[in-house]
Amino acid sequence: MPPDFVLRPVEEKDLSGLKGVATSITDGMTSLPAEEAALEDLVHHSQRSFDYRIKKAGGDHYLFVLEECGSGEIAGTSGIIARVGEDVP
């Protein structure tokens, strides 16, 4: 039986679905702003973070979307920040 959903790295084509998820959160979420320019920045930062040619890790943000397989709709999102805290202890 094929999966109903797949969690995958975000792509530029997901911007409208990502905005739909962001605007559906009524209390707001600071890590997922509803402004399109801010979402574009998040997507581009995530794409750079997935680039295997990165020489030094740190400050990488990995953004994922939960895609409904039948419709292609974006049903949710998740993210990983590779390093949190100060650059120098």
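Sequential numbering from 1 along the given sequence is applied to the chain's residues.
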Ignoring hydrogens and geometry, is there a side-chain-to-backbone donor-acceptor pair from S49 to H61 under 3.5 Å? yes

How long is the straight-line distance from CD of E11 back to CD1 of I74, given to the nearest 0.5 Å? 8.5 Å

Taking all atoms of both residues into account, what is the closest heavy-atom pair of A22 and P33, and its distance? CB-O, 3.7 Å

So, T77 side chain and F64 main chain: donor-acceptor pair closer than 3.5 Å or not? yes

Taking the side chain as every heavy atom from C-beta outward, state whether H44 and E12 have any atom pair closer than 4.5 Å. yes

Tell me whether S24 contacts the main-chain N or O of V21 through its side chain, where contact means a donor paired with an acceptor under 3.5 Å. yes

Are L63 and V6 connected, step by step, through hydrophobic side chains (Ile, Leu, Val, Met, Phe, Trp, Tyr) whose heavy atoms are closer than 4.5 Å? no

Rounded at 0.5 Å granularity, tell me how far CZ in R8 sits from CD in E67. 4.5 Å

Please examine the side chains of L18 and L32, heavy atoms only from C-beta on, and report whether any two atoms are closer than 4.5 Å. yes

Residues forming a side-chain hydrogen bond (donor to acceptor under 3.5 Å, both in side chains) with Q47, sequence neighbours excluded: none

CD on E73 to CG on L66, rounded to 0.5 Å: 12.0 Å

Donor-acceptor check, side chain of E68 to backbone of S71, threshold 3.5 angstrom: yes or no? yes

Sub-4.5 Å side-chain heavy-atom contact between V43 and D14: no

